[in-house]
Engineer: 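Handing you a structure now.
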There are 2 protein chains.
Amino acid sequence: MAATIKDVAKYTGLSIATISKYLNGGNVLEENRKLIEEAIRALDFKVNEIARGLKTNKTMTIGVLIPDFNNLFFTTIVSNIENVLIKNGYSTILCDYKNDIELEKEKFNFLVNKQVDGIIIIPQGDIGGYIKEQLKKNIPLVLVDRALEDVECDTILVDNMNASYNAVEHLITRGHRRIGIIRGPDNIFTSIERLKGYIRVHKDYSMKIDESLVKKGDNDVESGYRCLNELMEMDVPPTAVYITNYEMTLGAIMAINERNVKVPDDLSVIGFDNLHIARIVKPPLTIVVQPMEQIGEVAANTVLKRIKGDMSNYPSMVRLKTELMINQSVKDLRG
Amino acid sequence: MAATIKDVAKYTGLSIATISKYLNGGNVLEENRKLIEEAIRALDFKVNEIARGLKTNKTMTIGVLIPDFNNLFFTTIVSNIENVLIKNGYSTILCDYKNDIELEKEKFNFLVNKQVDGIIIIPQGDIGGYIKEQLKKNIPLVLVDRALEDVECDTILVDNMNASYNAVEHLITRGHRRIGIIRGPDNIFTSIERLKGYIRVHKDYSMKIDESLVKKGDNDVESGYRCLNELMEMDVPPTAVYITNYEMTLGAIMAINERNVKVPDDLSVIGFDNLHIARIVKPPLTIVVQPMEQIGEVAANTVLKRIKGDMSNYPSMVRLKTELMINQSVKDLRG
DNA sequence: AAATCAGAGCTAAACGTTTCGCGATTGAAG
DNA sequence: CTTCAATCGCGAAACGTTTAGCTCTGATTT
C-alpha cells in the first residue's frame with residue numbers, strides 16, 4: 001500500500017542501504033540526494049516508524065501516568081510535558097488511574113508493555129516495587145509531585161512544606177490564632193507535607209495546635225464541603241481556614257456560599273491552586289500557586305536527559321517553589 | 001535482553017510458530033499449554049508489541065487531537081475516550097494544538113506518521129483537505145464537537161442550536177426581552193450554531209434582535225470579561241445575558257464580581273458547561289450542560305467499530321442533547 | 001485393513017527498517 | 001604511474017513477530 005524504502009530504492013536505482021543512510025542523516029552524493037528527495041516526494045514515502053522501532057528498540061514515546069484526568073493541576077502539568085516532548089520528536093501516551101491504586105499498577109504495566117522509552121508518573125499507592133523492578137531494567141523513570149520512600153529515582157517535587165508554612169504564617173502575622181486546616185488523606189505524600197508546614201509554623205510561633213481544627217478530607221470536592229461545614233459548626237469556629245488542595249477549596253467555597261459565611265469578615269480563607277477560581281469568587285481568594293508549567297518542563301527534560309544516557313547527578317531531586325498569591329480573602333485582625 | 005518468543009520456544013522445545021499460535025488464542029495440547037505458560041512465567045516473557053505491529057500493521061493506538069489541553073470540556077471528553085479505548089486494549093496518543101490552526105495540521109500529520117489505527121479529532125481550522133486525504137487511505141477518523149463542511153466522515157456533535165434555543169427561551173418565558181449574548185468567534189462551528197439558536201428563538205417569539213446586544217468574544221476568559229463589561233456599560237443594558245462557552249462564562253463572572261452587579265436582580269445569567277463552577281458562584285448559576293461522558297464514549301466506540309471494519313451507516317452523524325441546569329441566577333420578571 | 005480426516009506442530013517467508021563490513025570509486029600524494 | 005586514504009554505496013543479516021501451507025500422528029470410518 002504505502003511506499004516503502006524499497007520503492008524509493010527502486011525508483012532511484014540506489015540500494016536500500018543508501019536510502020536508509022540518507023534518511024538518517026548520512027552523507028550521499030549531492031546528485032543522489034536530489035534523486036532520493038524527488039523519489040520520496042513522488043511516492044509520498046514516509047518512514048515506517050514501527051519497523052524502525054523494531055530495529056532501533058526505540059518507540060520515541062513517553063508514557064505519562066496521572067492520578068486523575070479531571071484534575072486541572074495534573075492536566076496542566078501534562079500539557080507542559082507534552083509541549084517539551086513533542087518538540088523533541090517524542091509523543092506521549094497518557095493514562096490516568098482514577099485515584100485507584102490497583103488501576104495504577106495495571107496502567108503502569110500497560111505502559112511498560114507498550115515499550116515506551118521512558119515513564120513520567122505521579123504516583124499514589126504502593127507502586128514502589130513495580131517501579132524499582134523497571135528501574136533495574138534501566139527504563140528512565142521520573143516521579144512527579146510525590147516522592148516514594150525507598151525508591152531511588154529522579155523526582156520533581158513542590159516545596160509543600162514551605163508552601164503551607166508561608167500560607168499559615170500569612171494568617172498568623174495578621175493576628176489569627178485559631179486557624180483551621182482542611183488537609184488531605186494520610187496516604188498522599190503532598191497531604192502529609194502540607195500538614196507538616198502547618199504544624200511547624202505553629203511551633204515556630206509557639207502556638208499550640210487545637211486538634212479539632214485539623215479536618216481530614218479526601219482531596220475531593222465533597223470532603224472540602226463537609227470539612228468546612230464541620231469547622232463552622234464548632235462552638236468556637238476558627239477565624240481562618242487553610243485548604244490544602246484545589247478540589248477541597250472548591251467544596252469549601254460551596255459550603256461558604258450556602259452558609260452565607262462572609263469572607264473575610266466571618267472567616268479568612270486561603271485556598272490552593274487555581275488562578276481563575278481565585279478571581280471568580282467574591283472576594284477574590286488568596287491562594288497558594290504551584291509552578292505547574294515548570295513542573296512539567298522539568299519532568300520532561302529530565303526524562304529526555306536520561307534517555308540520552310546522561311546520568312549526571314542521578315537520582316536528582318528537584319524542589320520547586322510555590323507562591324502565595326495574596327488577594328482579599330484574609331482579614332487583618334490586628335489593631 | 002528481554003525474553004523473546006524464541007527463548008520460549010527453546011525452553012519448551014516447541015517451535016516458534018506454536019508459541020505464537022498459543023499467544024494468539026490458537027489451540028495447543030493441554031500439556032504444551034502448561035509448558036508454555038511455565039516458560040512465559042519463568043522467562044518473564046512479554047510480547048514485543050512493536051514486532052507484532054510490524055507484521056499485523058496495527059499499532060493498537062488511537063490518536064486524539066484536541067484544541068487545547070487547559071480546557072476542561074475537552075479533557076473530560078478525552079478522559080472518557082481513554083476509558084473506553086483502554087478497555088479494548090487500545091492506547092491513546094494525545095495531542096493538543098493550542099488553538100493554532102497551523103499547529104493543528106502539524107500535529108495531525110504527527111499522528112498519521114505515528115501510524116495510529118484511528119484518529120479522533122476536535123477540529124478547528126481548514127484541516128478538511130488533510131482529513132479527506134487520510135480518509136482515502138481508509139484510516140478511521142472521527143470528528144467530535146465540530147462538523148467540517150464538505151468532509152464525509154463520522155461526526156459526533158452536540159445539539160448546540162437547541163441548547164441555545166432552550167436557554168434563551170428559558171429567559172424569554174420569564175419575561176426577559178433584552179437578552180444579551182456573548183458569543184464565540186465566526187470560525188468555530190459551535191459558536192455559529194449557538195448563535196443560530198439565539199436568533200431562531202427570537203424569531204419564533206417574534207422578538208427583534210438588537211445587534212448591540214450581540215457581543216463577539218474569542219471563547220477565552222479575557223473576552224468574556226470584556227464583553228460583559230461592554231454590555232453593562234450600554235445606555236440600556238440587557239436584563240439577562242447568555243454566555244456560550246465555559247471560559248467566557250468565567251470571564252463574565254469575574255466582571256460581574258468586579259462591577260458588583262447583583263445576580264439575578266441587576267442581571268440574569270445563563271452560562272455554559274462546568275458544574276462545579278455553577279455551584280461555587282453566588283447565587284448558583286443556571287447553565288447549559290453538555291453530555292461530555294457520552295461524547296467521549298460515542299466517539300471511542302465509533303472509531304473502534306470502524307477499525308473492526310464495520311462500516312454500517314457510514315458516515316454517521318450523532319447529535320447529543322444538552323441539558324439546561326436551572327439554578328438561581330435567572331430572575332422571573334413576570335408580574 | 002485401508003482410506004479418510006482432524007488436529008497439532010513445524011518450516012520458512014515475510015513485514016520495513018538499520019547497520020556491519022566490504023568493495024568500488026575518486027582524487028591527492030609520492 | 002602507483003599508492004593510499006577517504007568517501008560513498010551495496011549486500012546481507014538481523015530485529016521479533018505472524019501466518020500460509022505443509023507434515024505427522026492417531027483416531028474414525030467404511
Side-chain angles (χ1 to χ4, degrees), chain A residues 1-40 43-61 89 112-117 137-139 307, chain B residues 1-40 43-61 89 112-117 137-139 307:
Chain A
M1 194 85 197
T4 75
I5 212 173
K6 260 185 211 158
D7 301 315
V8 179
K10 205 167 288 170
Y11 186 105
T12 57
L14 295 166
S15 80
I16 291 184
T18 307
I19 313 297
S20 173
K21 200 179 187 186
Y22 164 84
L23 290 173
N24 293 287
N27 278 335
V28 295
L29 287 184
E30 178 63 11
E31 181 192 342
N32 289 334
R33 211 208 66 217
K34 279 196 188 143
L35 195 57
I36 294 175
E37 283 168 2
E38 181 198 321
I40 289 179
L43 301 168
D44 190 32
F45 166 79
K46 303 262 163 58
V47 173
N48 182 325
E49 299 280 353
I50 306 182
R52 176 180 277 177
L54 181 58
K55 275 306 283 185
T56 60
N57 238 330
K58 302 219 168 348
T59 54
M60 298 303 281
T61 299
V112 171
N113 284 339
K114 276 278 162 188
Q115 295 166 269
V116 293
D117 295 340
K137 294 186 193 157
N138 282 321
I139 157 166
I307 285 175
Chain B
M1 195 81 197
T4 76
I5 212 173
K6 259 185 212 158
D7 301 315
V8 178
K10 205 167 288 169
Y11 186 105
T12 57
L14 296 165
S15 80
I16 291 185
T18 307
I19 313 297
S20 174
K21 200 178 186 187
Y22 164 85
L23 290 173
N24 292 287
N27 278 334
V28 294
L29 287 184
E30 178 64 12
E31 181 194 338
N32 288 334
R33 210 208 67 217
K34 279 196 188 143
L35 195 58
I36 295 175
E37 282 168 2
E38 182 198 320
I40 290 179
L43 301 168
D44 190 31
F45 166 78
K46 303 262 165 58
V47 174
N48 183 325
E49 300 279 353
I50 305 181
R52 176 179 276 176
L54 180 58
K55 275 306 283 186
T56 60
N57 238 331
K58 303 218 166 348
T59 54
M60 298 303 282
T61 299
V112 172
N113 285 340
K114 277 278 162 186
Q115 295 165 270
V116 292
D117 295 339
K137 294 187 193 157
N138 282 321
I139 158 167
I307 286 175

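The figures here come from the full heavy-atom set of this structure, side chains too, leaving out hydrogens, waters and symmetry mates. Chain letters run A, B, ... following the sequence lines, proteins first and then strands; every chain starts at 1.
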Engineer: Below 4.0 angstrom from OP1 or OP2 of C/dT17, is there any side-chain N or O of A/S20?
Structural biologist: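 The answer is no; no side-chain N or O of A/S20 sits under 4.0 Å from OP1 or OP2.
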
Engineer: Dot-bracket, DNA chain D: Watson-Crick or G-U, under 3.5 angstrom, [ ] crossing, | other strand?
Structural biologist: ||||||||||||||||||||||||||||||

Engineer: Rounded to the nearest 0.5 Å, what separation is found between the CD1 atom of B/I50 and the OG1 atom of A/T56?
Structural biologist: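 Between B/I50 CD1 and A/T56 OG1, I get 7.5 Å after rounding to 0.5 Å.
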
Engineer: Any Lys/Arg nitrogen of A/K34 or A/E38 sitting under 4.0 Å from an Asp/Glu carboxylate oxygen of the other?
Structural biologist: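 No, this pair does not count.
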
Engineer: Working to the nearest 0.5 angstrom, can you tell me the gap between B/L54 CG and B/T59 OG1?
Structural biologist: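 The OG1 atom of B/T59 is 12.0 Å from CG of B/L54, to the nearest 0.5 Å.
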
Engineer: I'd like to know whether CD of A/E30 has more than 12 heavy-atom contacts from other residues, nucleotides or ligands below 6.0 angstrom.
Structural biologist: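 For A/E30, atom CD is crowded (more than 12 foreign heavy atoms under 6.0 Å).
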
Engineer: Could you state the CD1-P distance from A/I19 to D/dC8, rounded to the nearest angstrom?
Structural biologist: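 It works out to 15 Å between those atoms.
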
Engineer: At what distance, to the nearest 0.5 angstrom, does CG of B/N27 lie from OG1 of B/T18?
Structural biologist: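 Nearest 0.5 Å value for the CG-OG1 distance: 12.0 Å.
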
Engineer: What is the distance from NZ of A/K21 to P of C/dG21, rounded to the nearest Å?
Structural biologist: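 After rounding, the reported distance stands at 15 Å.
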
Engineer: With salt bridge (charged side-chain N to carboxylate O under 4.0 Å, His left out) as the rule and sequence neighbours excluded, what pairs involving residues 46-56 of chain B come up?
Structural biologist: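 For residues 46-56 of chain B, and leaving out neighbouring residues, the salt bridge (charged side-chain N to carboxylate O under 4.0 Å, His left out) pairs sorted by first residue read B/D44-B/K46.
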
Engineer: CZ of B/R52 versus P of C/dT17: gap in Å, rounded?
Structural biologist: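 Spelled out: CZ on B/R52 to P on C/dT17 is 21 Å.
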
Engineer: Determine the contact category for A/K46: base if any of its heavy atoms lies under 4.0 Å from a base atom, sugar-phosphate if only primed atoms, P, OP1 or OP2 are that close, otherwise nothing.
Structural biologist: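 Sugar-phosphate, backbone atoms only, no base.
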
Engineer: List the protein contact pattern of nucleotides 23-28 of chain C with one symbol per nucleotide (5' to 3'): B for base contact, S for sugar-phosphate-only contact, - for none; contact means a heavy-atom distance under 4.0 Å.
Structural biologist: ------

Engineer: So B/I40 and B/L23, do their side chains get closer than 4.5 Å, heavy atoms only?
Structural biologist: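 Yes. Closest side-chain heavy atoms under 4.5 Å.
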
Engineer: Is there a side-chain contact between B/T61 and B/K114, using heavy atoms and a 4.5 Å cut-off?
Structural biologist: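 Not in contact.
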
Engineer: Tell me the closest heavy-atom pair linking B/I5 and B/I19, and the distance in Å.
Structural biologist: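 Looks like CG1-CG2, 3.6 Å.
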
Engineer: How many whole angstroms separate atom NZ of A/K114 from atom C1' of D/dG16?
Structural biologist: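 From A/K114 NZ to D/dG16 C1': 16 Å.
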
Engineer: A/K21: which residues meet the side chain to side chain donor-acceptor pair (under 3.5 Å) condition with it, sequence neighbours left out?
Structural biologist: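 Counting only residues at least two positions away or on another chain, A/K21 forms no side chain to side chain donor-acceptor pair (under 3.5 Å).
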
Engineer: Would you say the side chain of A/L14 lies within less than 4.5 Å of the side chain of A/N32, judging by non-hydrogen atoms?
Structural biologist: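 Result yes, sub-4.5 Å side-chain heavy-atom pair found.
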
Engineer: NZ of B/K58 versus P of D/dT17: gap in Å, rounded?
Structural biologist: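 So the two atoms are 18 Å apart, to the nearest Å.
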
Engineer: Rounded to the Å, how far apart are A/I50 CD1 and C/dT18 P?
Structural biologist: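 Distance, rounded to whole Å: 14 Å.
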
Engineer: Looking only at heavy atoms, what is the nearest atom pair of B/A9 and B/S15, with distance?
Structural biologist: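 That would be CB-C, 4.0 Å.
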
Engineer: In whole Å, I'd like the distance from the CG atom of A/L23 to the P atom of D/dG9.
Structural biologist: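 It works out to 13 Å between those atoms.
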
Engineer: Would you say A/K6 and A/K10 make side-chain contact, with heavy atoms under 4.5 Å?
Structural biologist: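 SC-SC contact between A/K6 and A/K10 ruled out.
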
Engineer: Can you tabulate the close N/O pairs, meaning under 3.5 Å, that link protein atoms to atoms of nucleotides 12-15 of chain C?
Structural biologist:
residue : atom : partner : partner atom : Å
C/dA14  : N3   : B/K55   : NZ           : 2.7

Engineer: Looking for any heavy atom pair under 4.0 Å, which part of the strands does A/F45 touch: base, sugar-phosphate only, or nothing?
Structural biologist: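 Sugar-phosphate contact only.
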
Engineer: Short of 4.0 Å, heavy atom to strand atom, which residues of residues 24-34 of chain A count as contacting DNA chain D?
Structural biologist: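 Of all residues in residues 24-34 of chain A, the ones placing a heavy atom under 4.0 Å from DNA chain D are A/N27, A/V28, A/L29, A/N32.
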
Engineer: Which whole-number value in Å describes the distance from B/Y22 OH to D/dT17 C1'?
Structural biologist: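 B/Y22 atom OH is separated from D/dT17 atom C1' by 17 Å.
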
Engineer: Would you say C/dT11 has OP1 or OP2 under 4.0 Å from some side-chain N or O of B/S15?
Structural biologist: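 For C/dT11, neither OP1 nor OP2 has a side-chain N or O of B/S15 closer than 4.0 Å.
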
Engineer: Could you tell me whether the side chain of A/N48 reaches within less than 4.5 Å of the side chain of A/T4, counting heavy atoms only?
Structural biologist: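 Contact flag for A/T4/A/N48 side chains = no.
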
